[in-house]
Amino acid sequence: MLQQTPVVRVEPAWRAWMERWPEPADLAAAPTADVLRAWGRLGYPRRALRLQECARAIVERHDGEVPRGEEALRALPGVGEYTAAAVTAFAHGRRAVVVDTNVRRVLARAVGGVALPAPSYTAAERATAAAVAPPDDDDAVLWAAASMELGALVCTAHAPRCGVCPVRDACAWRLAGRPGDEHAARRRTQAWVGTDRQARGRVMAALRDAPGPVPRGVVAEVWHDAAQLDRCVASLVEDGLVEQEDGPGGVLYRLPV
DNA sequence: AAAACGTGGCA
DNA sequence: TTGCCAAGTTT
């Protein structure tokens, strides 16, 4: 849930989710339509699908228990480098190099002396993160939590609070006078209006809000460009987020059973 | 390795 | 209003 999504938006959804499906086996047994509706407007609904696939894999491959070890974790759907490290550190109390967007920014500043990290995660960043993480399990877990929180609460993307930063006297960026990042290659800002992403979001919202299958004609009302809509619905079907059924009155679309 | 993938809040 | 950004992963 937290992948690319702010904590404050996730927390209430997470609490309701964990109350409804406390164990992997509970989520594994749920109808996918219920899962997608509970996901609601968190964004990137493929994550909801993968989370359920992950729960099912945990049931099938690990007897319902979240596996230990980053290799086994990374083999689960939707679990990448960051998530495997975070679960290892925070759930299992073992050393892992946990690097999220916050930690990347903290290291870019404190160690690299630049305002913001590069658009994509580099091998050099990974090496730096590994080098500064303490060797001991407990220390590494504390380090992981501390570096993430520092980035989230103090060393923020905008208006960092250097005055209250515990590492301000060692921060390469502050020591350099907090230079701007106008030379750095910024990631292209993500287009939204008129994109497939927006269209897919509209379709998913329509299906979530409907009690059952939705006629093709009703789905068509959510988007102006028929060809684009067709392509997006097809991609949603391909992704497993939407299912098509043929009713007496024509084609219907619904969330997966 | 670049691009796709949702959504909402804030400056 | 528009751009930026948020506990990334997958192809």
Side-chain angles (χ1 to χ4, degrees), chain A residues 1-14 36-37 39-54 57 70 73-91 96-108 115-123 125-126 129 141 143-160 180-182 184-209 222-223 228 231-236 238-242:
Chain A
M1 287 178 175
L2 288 163
Q3 291 167 5
Q4 295 284 282
T5 306
V7 174
V8 289
R9 194 183 312 164
V10 165
E11 193 191 340
W14 176 77
L36 290 170
R37 287 200 174 92
W39 194 263
R41 308 188 66 81
L42 279 182
Y44 293 140
R46 295 196 289 200
R47 292 180 300 161
L49 230 43
R50 293 198 185 112
L51 186 52
Q52 187 178 40
E53 290 166 9
C54 180
E70 294 182 72
L73 287 165
R74 285 204 59 168
L76 297 169
V79 177
E81 181 174 359
Y82 160 76
T83 303
V87 170
T88 296
F90 302 134
V97 180
V98 185
V99 183
D100 74 336
T101 189
N102 294 301
V103 175
R104 288 192 64 210
R105 187 173 53 249
V106 167
L107 295 181
L116 294 170
S120 55
Y121 189 41
T122 65
E125 285 182 88
R126 186 179 290 104
V141 171
W143 176 268
S147 55
M148 287 177 71
E149 292 301 295
L150 184 62
L153 303 177
V154 176
C155 193
T156 52
H158 298 300
D181 70 326
E182 42 285 333
R186 300 313 308 151
R187 54 172 58 82
R188 243 185 33 223
T189 178
Q190 189 170 281
W192 174 244
V193 175
T195 60
D196 285 5
R197 228 180 244 197
Q198 187 184 28
R200 285 166 54 105
R202 291 264 185 90
V203 172
M204 289 304 293
L207 298 191
R208 275 199 313 269
D209 296 343
V222 307
W223 200 250
Q228 184 181 19
R231 173 159 38 86
C232 288
V233 169
S235 75
L236 288 168
E238 183 69 22
D239 288 346
L241 287 164
V242 171

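Labels below follow one simple rule: chain letters A, B, ... track the order of the sequence lines, proteins then strands, and each chain is numbered from 1.
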Could you tell me which residues satisfy salt bridge (charged side-chain N to carboxylate O under 4.0 Å, His left out) with [X], sequence neighbours excluded, listed by chain and number?
X        : value
A:Glu81  : A:Arg126
A:Glu125 : A:Arg104
A:Arg200 : A:Asp239

Could you give the distance from OH (A:Tyr121) to CG (A:Asp100), rounded to the nearest 0.5 Å?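 A:Tyr121 atom OH to A:Asp100 atom CG measures 10.0 Å (nearest 0.5 Å).
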
Approximate separation, where rounding is to 0.5 Å, of A:Leu36 CG and A:Arg46 CZ: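 Going from the CG atom of A:Leu36 to the CZ atom of A:Arg46 covers 13.0 Å.
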
From C-beta outward on A:Thr83, which listed nucleotide comes closest to its side chain: C:dA7, C:dC5, C:dT9?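 The closest nucleotide is C:dT9.
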
Show each protein N/O and nucleotides 1-3 of chain C N/O combination with a separation under 3.5 Å, one pair to a line.
none

Using whole Å, what does the distance between atom [atom2] of nucleotide [N] and atom [atom1] of [X] come to?
X        : N     : atom1 : atom2 : value
A:Tyr121 : C:dA7 : OH    : C1'   : 14 Å
A:Trp14  : C:dA6 : CH2   : C1'   : 19 Å
A:Asp100 : C:dT9 : CG    : P     : 10 Å

Expected rows: protein N/O vs nucleotides 6-10 of chain B N/O, under 3.5 Å:
from	atom 1	to	atom 2	distance (Å)
B:dG6	OP1	A:Pro45	N	3.3
B:dG6	OP2	A:Arg200	NE	2.6
B:dG6	OP2	A:Arg200	NH2	3.3
B:dG6	O4'	A:Tyr44	N	2.8
B:dG6	N7	A:Tyr44	OH	3.3
B:dG6	N7	A:Gln190	NE2	3.3
B:dG6	O6	A:Tyr44	OH	3.1
B:dG6	N1	A:Gln4	O	3.3
B:dG6	N2	A:Gln4	O	3.4
B:dG6	N2	A:Thr5	OG1	3.0
B:dG6	N2	A:Leu42	O	3.2
B:dT7	O2	A:Arg9	NH1	2.5
B:dT7	O2	A:Arg9	NH2	3.4
B:dG8	OP1	A:Arg41	NE	2.5
B:dG8	OP2	A:Arg41	NH2	3.4
B:dG8	O4'	A:Arg9	NH2	3.2
B:dG8	N3	A:Arg9	NH2	3.3

Could you tell me whether [X] contacts a base, only the sugar-phosphate backbone, or nothing, with contacts defined as non-hydrogen atoms closer than 4.0 Å?
X        : answer
A:Ala86  : nothing
A:Glu149 : base
A:Arg74  : nothing
A:Val79  : sugar-phosphate

Residues in side-chain contact (heavy atoms from CB on, under 4.5 Å) contact with A:Gln228, at least two apart in sequence or another chain: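 Applying side-chain contact (heavy atoms from CB on, under 4.5 Å) to A:Gln228 gives A:Asp196, A:Trp223, A:Asp225, A:Arg231, A:Cys232.
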
Nearest-Å distance once atom [atom1] is located in both [N] and [M]:
N      : M      : atom1 : value
C:dT9  : B:dA1  : C1'   : 14 Å
B:dA11 : C:dA7  : P     : 15 Å
B:dG8  : C:dT10 : C1'   : 24 Å

For C:dG8, does OP1 or OP2 lie under 4.0 Å from any side-chain N or O of A:Arg104?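 Answer is no, no contact under 4.0 Å.
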
